[in-house]
Amino acid sequence: MTSPDTHPPAASAARYPAGSAAFPHRDLTGLAGLAPWELLYLLDEAEQWVELNRQPHKRSDRLAGLTIINAFFENSTRTLLSFEIAGKRLGADVVNMAVAQSSVKKGETLIDTAMTLNAMHADAMVIRHQSSGAVRLIADKVDCPVLNAGDGQHEHPTQGLLDALTIRTALRERGLGDDFGGLTVTICGDILHSRVARSNIHCLTTLGASVRVCAPPALMPAGIELLKVTPFRDFDAALDGADVVMMLRLQQERMEGQFIPSPREYRHLYGLTLDRLAKAKGEALVMHPGPMNRGVEIDSNVADLAGRSLITRQVEMGVAIRMACLDVLTRKTRGLEGWA
Ligand code: NCD
């Protein structure tokens with residue numbers, strides 16, 4: 001393999017428009033509005049880290065001397081761990097702010113917390129927050145790159161990127177090229193409350209895929225067609241001819257009141273069973289961002305279906321994508337090209 005510490009960046013300039021070989025944004029707060037080449041740039045950059053992460057020695061010193069603060073105001077397992085591992089594998093000093101033991105619990109405002117972190121000269125901040133827009137608010141106040149690790153129902157950009165990288169890797173492995181055009185991706189579940197769905201919609205439609213969204217009416221956002229997706233109420237119809245099926249959890253913590261009759265009825269209409277999966281294309285791929293509720297939105301024998309389920313692959317790609325984002329966004333800090 002090539003040395004992960006080679007400079008300039010692994011991404012080849014030829015794929016990108018002349019004069020724009022460097023990623024032109026300081027923050028990654030969402031995927032909406034990013035150009036196709038910008039998305040591909042981050043996916044391409046992640047490839048070197050996929051390779052490194054598969055080696056016994058998984059360490060680069062690319063971000064040596066930099067401090068990254070992970071501030072998660074909402075629960076997380078895989079995203080927090082993944083960002084922590086990503087920062088450490090790049091040689092940065094990674095600090096996790098324990099929100100439960102922080103002054104947030106004493107009534108400190110979000111902006112005051114952000115200004116405190118800023119005064120500690122972080123070189124990047126990774127923020128998860130329960131309110132849509134909170135990460136942008138922080139990004140506008142601080143001096144370093146800010147990465148959104150999920151804000152309310154708004155966006156979860158690194159999840160959208162890691163899902164796209166997972167799909168592209170699976171296509172390549174199957175000898176199907178790496179073009180998203182012509183792919184049909186069905187996203188089913190609690191679309192209304194899902195930042196994962198939003199980031200995936202922005203990413204996949206920008207890269208040329210056809211995206212279908214499927215949910216019971218109460219969990220389908222009004223005006224979703226404006227995001228260039230086709231909405232479905234009937235899961236079987238949404239699955240017909242799909243290349244990729246992405247299942248989402250019911251986000252009970254964001255629901256006030258009753259959105260579905262019962263988990264049993266929900267599974268009956270919207271759960272991905274083996275029988276249902278047969279309505280999609282023969283070799284259709286199965287994805288889920290986690291955490292899964294087995295037996296509700298997805299059956300265990302589908303989640304664990306060898307050769308078809310990409311769920312653990314998504315987690316693997318997550319570390320590589322986060323390494324790529326941390327590397328790319330801190331290039332300017334390191335005296336390299338960036339934020340054109
Ligand atoms: C998702 C999230 O937090 O938005 N999980 C994740 O980051 N992998 C989805 C969810 O919580 O259901």
Side-chain angles (χ1 to χ4, degrees), residues 10-17 20-21 23-25 28 30-50 155-189 191 194-214 224-232 238-248 277 280-289 307-311 313-318 320-322 324-325 328:
S12 118
R15 280 174 78 94
Y16 316 115
S20 53
F23 190 74
H25 307 281
L28 185 70
L31 301 182
L34 291 193
W37 78 265
E38 294 170 348
L39 297 169
L40 290 173
Y41 187 93
L42 295 172
L43 299 189
D44 291 350
E45 283 289 332
E47 300 287 357
Q48 66 194 301
W49 306 120
V50 174
E155 281 226 39
H156 190 352
T158 56
Q159 181 74 42
L161 291 167
L162 77 88
D163 287 336
L165 184 63
T166 303
I167 294 172
R168 188 170 84 170
T169 307
L171 293 179
R172 283 181 176 167
E173 280 172 4
R174 286 161 179 75
L176 301 171
D178 58 10
D179 189 4
F180 289 83
L183 266 195
T184 299
V185 181
T186 298
I187 307 177
C188 178
I191 308 290
S194 179
R195 54 197 177 205
V196 174
R198 271 170 199 76
S199 289
N200 263 290
I201 289 169
H202 294 309
C203 187
L204 292 169
T205 57
T206 304
L207 293 175
S210 304
V211 179
R212 300 171 177 174
V213 288
C214 178
I224 189 84
E225 306 79 13
L226 297 173
L227 298 184
K228 302 192 187 84
V229 296
T230 315
F232 286 78
L239 285 172
D240 186 23
D243 298 287
V244 179
V245 186
M246 193 180 292
M247 301 305 296
L248 302 173
L277 182 60
K281 278 209 185 133
E283 293 302 310
L285 301 166
V286 176
M287 300 176 73
H288 193 306
R308 304 278 295 281
S309 170
L310 300 177
I311 296 170
R313 182 66 74 83
Q314 288 172 269
V315 179
E316 183 194 8
M317 295 300 134
I321 277 291
R322 287 163 183 136
C325 293
V328 167

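Computed from a prediction, not measured in an experiment: that's the story for all the values here.
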**Request:** Take I321 and L43 through the test side chain to side chain contact (heavy atoms under 4.5 Å, CB included) and record every step on the way to the result.
**Result:** CA-CA 7 Å; I321 277 291; L43 299 189; 3.9 Å; yes

**Request:** Go through the steps for Y41 and V328 under the test side chain to side chain contact (heavy atoms under 4.5 Å, CB included), then give the verdict.
**Result:** CA-CA 9 Å; Y41 187 93; V328 167; 4.0 Å; yes

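Rounding to the nearest 0.5 angstrom, the gap separating the CG atom in L204 from the NZ atom in K228 is 13.5 Å. For the atom pair M247 CE and C214 SG, the distance stands at 8.0 Å (nearest 0.5 Å). Note that CG of L42 is 5.5 Å distant from CG of L161, once rounded to the nearest 0.5 Å. Atom CG of L40 sits about 7.5 Å away from atom CZ of F180, to the nearest 0.5 Å. With values rounded to the nearest 0.5 angstrom, L310 atom CG is found 13.5 Å from H288 atom NE2. Note that the NE2 atom of H202 and the CG atom of L207 stand 13.0 Å from one another [nearest 0.5 Å].
Applying the side-chain contact (heavy atoms from CB on, under 4.5 Å) rule to L171 yields the partners I167, L176, L183; only residues at least two apart in sequence or on another chain are considered. Considering only residues two or more places apart in sequence or on other chains, S199 meets the side-chain hydrogen bond (donor to acceptor under 3.5 Å, both in side chains) condition with E155. Applying the salt bridge (charged side-chain N to carboxylate O under 4.0 Å, His left out) criterion to R168, with sequence neighbours excluded, gives D44, E47. For E225, the side-chain contact (heavy atoms from CB on, under 4.5 Å) partners are P231, not counting sequence neighbours. Evaluation of the side-chain contact (heavy atoms from CB on, under 4.5 Å) rule for S194 yields V196, A197, L248 as partners, not counting sequence neighbours. In this structure E38 satisfies the salt bridge (charged side-chain N to carboxylate O under 4.0 Å, His left out) test with no other residue, sequence neighbours excluded. Annotation: side-chain contact (heavy atoms from CB on, under 4.5 Å) contacts of T206 (sequence neighbours excluded): P36, L39. Every residue two or more places apart in sequence or in another chain was checked for a side-chain hydrogen bond (donor to acceptor under 3.5 Å, both in side chains) with R212, and none qualifies. Here D178 pairs with R172 under the side-chain hydrogen bond (donor to acceptor under 3.5 Å, both in side chains) rule; sequence neighbours left out. In terms of the side-chain hydrogen bond (donor to acceptor under 3.5 Å, both in side chains) criterion, residue partners of K281 (sequence neighbours excluded) are, by chain and number, D243.
Of all heavy-atom pairs between A242 and A284, the closest is O-CB, 3.5 Å. When all heavy atoms of P24 and W37 are compared, the closest pair comes out as CD-CH2, 3.8 Å. L285 and G307 get closest at one heavy-atom pair: CD2-O, 4.4 Å. For the residue pair Q314 and Q159, the shortest heavy atom distance occurs at NE2-NE2, 4.1 Å.
Each of V185, L227, L31 was scored for a side-chain contact (heavy atoms from CB on, under 4.5 Å) with I201, with one residue passing: L227.
With hydrogens and angles left out, the side-chain atoms of T166 and R313 include no donor and acceptor closer than 3.5 Å.
Judged purely by atom type and a 3.5 angstrom limit, T158 has no side-chain atom pairing as donor or acceptor with the backbone of R322.
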